[in-house]
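First the structure, in the form of structure tokens, and then the observations on it.
Everything numeric here is computed off the predicted structure, so don't read it as measured data. Counting convention: from 1, in listed order, for ligands and their atoms alike.
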Amino acid sequence: MLRFDLISIFPEYLSPLKLSLLGKAQDKGLLAINIHDLRDQTTDVHHSVDDTPYGGGAGMVMSPVAWGDAIDQISSDADQIDLVILTPAGKKFNQKMAYEFSKSKQIIFACGRYEGIDARVGKYYMQQKNYKVHEVSIGDYVLGGGEVAAMVIIEAVARLLPGVLGNPDSLKEESHSIAGNKDESLVEYPNYTKPASWRGLDVPEILLSGNHGEIAKWRRSEAERRTRELEAE
Ligand code: SAM
């Protein structure tokens with residue numbers, strides 16, 4: 001069972017992880033999500049986790065001491081623990097990464113705040129043989145903290161785990177899916193439901209034809225068209 005552990009100074013920020021698909025998946029024992037408060041690791045009266053940057057500059061940097069203690073404390077004895085350090089300077093998250101993460105036994109998310117986490121945290125765990133460190137960004141913009149980024153990744157990974165989606169066929173043809181074909185990443189064709197006509201807009205005829213071969217061809221060409229249009233932007 002895949003175990004997600006999140007470390008944050010705002011654990012309440014992560015409460016949506018109890019809801020919907022993720023909540024049900026936890027109830028069924030398909031995955032586990034544990035949330036940890038970084039400040040529990042501090043011993044000073046102010047529970048401080050940050051300090052001024054060496055070399056000067058604006059803002060505060062998160063100290064490696066509490067991070068190291070927190071990560072050590074929640075690490076399982078899995079052969080490989082995936083440590084995800086969320087940072088806008090990381091590798092951009094995508095569906096391929098979601099598939100890789102879905103094979104993990106334990107993923108620890110380090111949700112930064114302020115100017116981010118002291119760079120030695122990533123470096124230290126890269127040197128430990130049972131950890132694989134991933135510096136991951138969810139896009140080219142700067143958030144206030146890593147919590148939302150961690151939730152994005154968990155939501156994308158969890159739905160790939162066996163039993164989490166009611167109908168696993170949903171994974172086969174969706175956008176960016178590599179389940180069916182490892183070499184391509186198309187976005188999905190447009191979807192329609194009832195009524196067949198709405199505000200003067202009709203569902204494409206072919207979808208009402210009952211001809212599954214032609215429908216499959218049409219969907220494929222629509223997926224290719226949408227992908228081309230996105231790439232041209
Ligand atoms: N000083 C950092 C920089 O310029 O790269 C930005 C720090 S940001 C204000 C605080 C925290 O938010 C980061 O440590 C990271 O955990 C999280 N964060 C911000 N943007 C993110 C993104 N695009 N992807 C993932 N995490 C992000």
Q. Under 3.5 Å, is there a donor-acceptor pair between the side chain of E155 and the main chain of M151?
A. no
Q: Could you tell me whether the side chain of R226 and the main chain of V187 form a donor-acceptor pair under 3.5 Å?
A: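 Pair absent, no side-chain N/O of R226 close to backbone of V187.
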(Q) Using 0.5 Å steps for rounding, measure from the CD1 atom of I33 to the CD atom of Q26. (A)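 These two atoms lie 4.0 Å from each other.
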(Q) What I want to find out is whether E174 reaches R159 closely enough, with some N-O distance under 4.0 Å, to be called a salt bridge. (A)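 Result for this pair is yes, salt bridge flagged.
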Q. Taking atom types as modelled, is there a side-chain donor on Y99 or N94 under 3.5 Å from an acceptor on the other?
A. no
**Q.** Nearest heavy-atom neighbours spanning L2 and F101
**A.** CD2-O, 3.8 Å
Q | Contact residues of ligand 1 (heavy atom under 4.0 Å), by chain and number | A | L86, T87, P88, G112, R113, Y114, E115, G116, V136, S137, I138, G139, Y141, V142, L143, G144, G145, G146, A149
